[in-house]
Chemist: 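One structure, pasted below without further comment.
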Amino acid sequence: MDIPLLKDVVIILALSVIVLLIFRKVRIPSVLAFFVTGMLAGPQGLGLISSMEEVQLLAELGVIFLLFTIGMEFSLEKFSQIKRYVIVGGSLQLVLTLATVYFICLGLGLSTNESIFIGFLVSFSSTAIVLRLLQDTNQIYSVHGQISLGILIFQDIAVVLVILFTPLMAGVNSSNLNNWPLLVAMGVGLLLFTLVSAKWIVPQLLHYMSRFKSRELFLLTIILICFGVTWITSSIGLSMALGAFLAGLIISHTDYSHQALGNILPFQDIFMSFFFVSIGMLVNLGFIAENFLLIIIATLVILTIKALIAGFTAGLLGLSFRVMVLVGLILSQIGEFSFILSATGLELGIIDENFFQIFLSVSLITMSVTPFIMAIAPRISDLSDNLPLPHRFRHGFYPMNLPEETVWEDHLIIVGFGINGKNVAKAAHKAYIPYVVVEMNPEIVKNEKSGKESIYFGDAAHETVLKNINVQEARTMVVAISDPVGTRKVIETAKKLNPNLYIIVRTRYIKEMEKLHEIGANEVIPEEFETSIEIFSRVLDQYNLSPEKIDDFINEIRSDSYQMFRTLSKDEKMTCTLNNGFNELQVVSTQLGSDMGGKTVKEFLEKNEGKIVAIIRGPLTFNNPDTDFKLYENDIVIISQGK
């Protein structure tokens, strides 16, 4: 059975891989690769795609996941701390851009409604591209990053109202606007729903679901919240993007936001790729060629106007000249929500097909050059140091004070908060070593957080979880979990993010040591043989050896990476001889073969001299076994022989 959508997805993915590979080799941003893929695959290119509507649906999912992740990273607490910059800055940027474009369009002979509509189209910037680039360059929490993100969030919320009022500009009655009291009531209800969900419902739900320790259940719950809130907002006539943002905002208030973000980001990356591809498919290359000069002039004018107004807005907020330049350049492009708005305007007859193609081409170019503009923005902003500017203008009249956050640096990361993890944390606390704990058990996280412990819920195998605790700047990591597969994933991820990280790992089995060293562990502590060392130290004490000699013995074993115990053949015996001045003591370790399986200690001693001190069987240790104790194949027998 032929499924058109499946064929189209395969074509898009195959083309994306090829184009992305070429672009990566020549160091061109990946966003452009998806635009080019869309141009090649679309009807104006090679005409390979037959199900445009289905691809558009995948693109809409990308926008939903994007706003969902923005909401998770932009918490209510952070919003309240910089709300002046979000509300005042966002409204100033929107009004000033709208007014400027409006008067320019009036001067060109366009009608009032057309001028207002085009002003709105130009006012919005690209949340998708700016957010991704800020994250990739670690600027999301900088002053200019927070200002830019705040203005973008304001724009994303404002576009909902603009879409609602668009029918008025087209002279069409809107049922939503005619029934504005109901619309206001639904808006207030949605706000209350968001606050109640963030405070009580969702934290309890995620806590309950995470107790089952099922990644699938946790992931499905997160996606359910995302699409559930999105469906609620769309069903009452509001934007799906607004619903997705509110869903993320609700989850950001919980202890599970880092883990949720790590689970969702792969979905966002996949579907946002389809979004950029879908934009590229709308472009008419022939039309661009015919109107190339007009498109280039319009592009330069819009980039200049938006950069100047966004920078001026930052200046009105009292920020420094350097931040003004950075914010202006970051927000100089036209955004993805303008595409949605322009399609609505085309459908209602506010703009015609020719203007739509010009606007689409200009928008695509502004979005395409954004990675390059942001790359040179710091160098341009640094030029302000050489300009003869007044001190207050250069440094800002009201410098922005970002919310104080815990900045982890040169710290210790403890993965797992069982007995070993708690002991390491206690020692670190007493030694005044900064540390942070990552734990997957929600009950432990909840209890320890109430005791002011620095602990976060999450799977340390996720890059997002480790980045949130700044693994890039950590000095040491202790992995104290009992899952061998999970331990390997944690080590691989941590070493990828911080190759210089010193990793100490606890493992139950000696067979794991070599593999863990290979993938990046600096030290591996096998639990079963630490027990053996403790037993030996007790034995040596009984033979009146001095504490110094016992310590030498233990250090000898550890310095040899526990080689005394690593008997890999039934014919090998590892022996250590110590002399306490009165008698000579030999401690022998041997691993049993199949010939001794099922035999007793008594039968073993008939063929071997000495006394069995302990028997190690996997994670278990049996001290001073009786003579009728049954032996198994691969048991490690520890024998003391005095002379």
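Computation of the quantities below employed the complete heavy-atom set of this structure, encompassing side-chain atoms and omitting hydrogens, waters and symmetry-equivalent molecules. FYI, the numbering just counts along the sequence from 1.
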Chemist: To the nearest 0.5 Å, what is the distance between CD on Glu54 and CG on Leu6?
Modeler: 12.0 Å
Chemist: Heavy-atom count check: over 12 atoms from other residues, nucleotides or ligands less than 6.0 Å from Phe372 CZ?
Modeler: yes
Chemist: Do you know the tightest heavy-atom contact between Thr100 and Leu96?
Modeler: OG1-O, 2.8 Å
Chemist: If we check side chain to side chain contact (heavy atoms under 4.5 Å, CB included) with Ile305, which of these qualifies: Leu303, Leu308, Ile302, Ile309?
Modeler: Ile309
Chemist: Answer whether the closest heavy-atom distance between the side chains of Met374 and Ile330 falls below 4.5 Å.
Modeler: yes
Chemist: Name the atoms and distances for all side-chain donor-acceptor pairs under 3.5 Å in residues 361-370, with sequence neighbours left out.
Modeler:
residue	atom	partner	partner atom	Å
Ser361	OG	Gln357	O	2.8
Ser363	OG	Phe359	O	2.7
Thr366	OG1	Ile334	N	3.2
Thr366	OG1	Val362	O	3.4
Thr366	OG1	Ser363	O	2.7
Ser368	OG	Leu364	O	2.6
Thr370	OG1	Gln333	NE2	3.3
Thr370	OG1	Thr366	O	2.7

Chemist: Just do the side-chain contact (heavy atoms from CB on, under 4.5 Å) check on Thr127 and Gln155 with the steps written out, would you?
Modeler: CA-CA 9 Å; Thr127 304; Gln155 291 179 1; 5.6 Å; no
Chemist: Test: side-chain hydrogen bond (donor to acceptor under 3.5 Å, both in side chains). Region: residues 259-273. Which pairs qualify, not counting sequence neighbours?
Modeler: Thr69-Gln268, Asn263-His462
Chemist: What closest approach, in Å, do Thr299 and Ile295 show between heavy atoms, and which atom pair accounts for it?
Modeler: OG1-O, 2.7 Å
Chemist: Decide side-chain contact (heavy atoms from CB on, under 4.5 Å) for Gln44 and Val283; before the verdict, give the C-alpha distance in whole Å, the side-chain angles of both, and the deciding distance to 0.1 Å.
Modeler: CA-CA 7 Å; Gln44 307 300 328; Val283 175; over 6 Å; no
Chemist: Under the criterion side chain to side chain contact (heavy atoms under 4.5 Å, CB included), which of Ile225, Leu261, Ile264 is the partner of Ile251?
Modeler: Ile225
Chemist: Mind checking side-chain contact (heavy atoms from CB on, under 4.5 Å) for Ser123 and listing every partner two or more places apart, or none if nothing turns up?
Modeler: Leu94, Thr97, Leu98
Chemist: CE of Met272 to CD1 of Ile129: how many Å apart, nearest 0.5 Å?
Modeler: 8.0 Å
Chemist: With sequence neighbours left out, write down each residue that passes ring pair (Phe, Tyr, Trp, His ring centres under 6.0 Å) with Phe287, or none if nothing qualifies.
Modeler: none
Chemist: Apply side-chain contact (heavy atoms from CB on, under 4.5 Å) to the pair Leu58 and Val9, showing each step before the final yes or no.
Modeler: CA-CA 10 Å; Leu58 296 178; Val9 169; 4.0 Å; yes
Chemist: Please give me the minimum heavy-atom distance between Ile222 and Ala260, naming the atom from each residue.
Modeler: CD1-CB, 3.6 Å
Chemist: Looking at every non-hydrogen atom in both residues, tell me the closest pair between Cys105 and Ser115 and how far apart they are.
Modeler: CB-OG, 3.3 Å
Chemist: Just how far is it from atom CE of Met72 to atom OG of Ser257, taken to the nearest 0.5 Å?
Modeler: 8.0 Å
Chemist: Under the salt bridge (charged side-chain N to carboxylate O under 4.0 Å, His left out) rule, collect the residues that match up with Glu473, sequence neighbours excluded.
Modeler: none
Chemist: Among pairs that include at least one residue of residues 115-136, which meet ring-ring contact (aromatic ring centres under 6.0 Å, His included), considering only residues two or more places apart or in two chains?
Modeler: none
Chemist: Quick one: closest heavy-atom pair of Leu341 and Val162, and the distance?
Modeler: CD2-CG1, 3.7 Å
Chemist: Any chance you could measure Leu110, atom CG, to Ile118, atom CD1, to the nearest 0.5 Å?
Modeler: 5.0 Å
Chemist: Test Phe227 against every option in Ile223, Leu224, Val229 by the side chain to side chain contact (heavy atoms under 4.5 Å, CB included) rule and name the one that passes.
Modeler: Ile223
Chemist: For the residue pair Ile64 and Phe271, establish whether any side-chain heavy-atom pair is separated by less than 4.5 Å.
Modeler: no
Chemist: Among pairs that include at least one residue of residues 293-320, which meet ring-ring contact (aromatic ring centres under 6.0 Å, His included), considering only residues two or more places apart or in two chains?
Modeler: none
Chemist: My understanding is that only residues two or more places apart in sequence, or in another chain, count here; which of them pass ring pair (Phe, Tyr, Trp, His ring centres under 6.0 Å) with Phe35?
Modeler: Phe276
Chemist: Main chain of His144, side chain of Gln139: is a donor-acceptor contact present, judged purely on distance under 3.5 Å?
Modeler: no
Chemist: Rounded at 0.5 Å granularity, tell me how far OG1 in Thr233 sits from CZ in Phe245.
Modeler: 12.5 Å
Chemist: Quick one: pull up CG in Leu40 and CE in Met281 and give me the separation to the nearest 0.5 Å.
Modeler: 11.5 Å
Chemist: So, using ring pair (Phe, Tyr, Trp, His ring centres under 6.0 Å) as the criterion, who are the partners of Phe267 when residues are at least two apart?
Modeler: Phe65
Chemist: Applying side chain to side chain donor-acceptor pair (under 3.5 Å), can you list everything that pairs with Glu114, at least two apart in sequence or on another chain?
Modeler: Ser111
Chemist: Enumerate donor-acceptor pairs with a distance under 3.5 Å from any side-chain N or O in residues 10-24 to protein atoms, sequence neighbours excluded.
Modeler:
residue	atom	partner	partner atom	Å
Ser16	OG	Ile12	O	2.6

Chemist: I need the minimum non-hydrogen distance between Ser125 and Leu152, along with the two atoms involved.
Modeler: CB-CD2, 3.7 Å
Chemist: Yes or no on side-chain contact (heavy atoms from CB on, under 4.5 Å) for Arg322 and Asp382, after CA distance, side-chain angles and deciding distance?
Modeler: CA-CA 7 Å; Arg322 180 177 180 277; Asp382 289 340; 3.6 Å; yes
Chemist: Give every donor-acceptor pair under 3.5 Å between a side-chain atom in residues 342-351 and any protein atom, sequence neighbours left out.
Modeler:
residue	atom	partner	partner atom	Å
Ser342	OG	Ser338	O	3.1
Ser342	OG	Phe339	O	2.8
Thr344	OG1	Ile340	O	3.0

Chemist: Looking at Ser148 and Gly145, would you say the former's side chain and the latter's main chain have a donor-acceptor pair under 3.5 Å?
Modeler: no
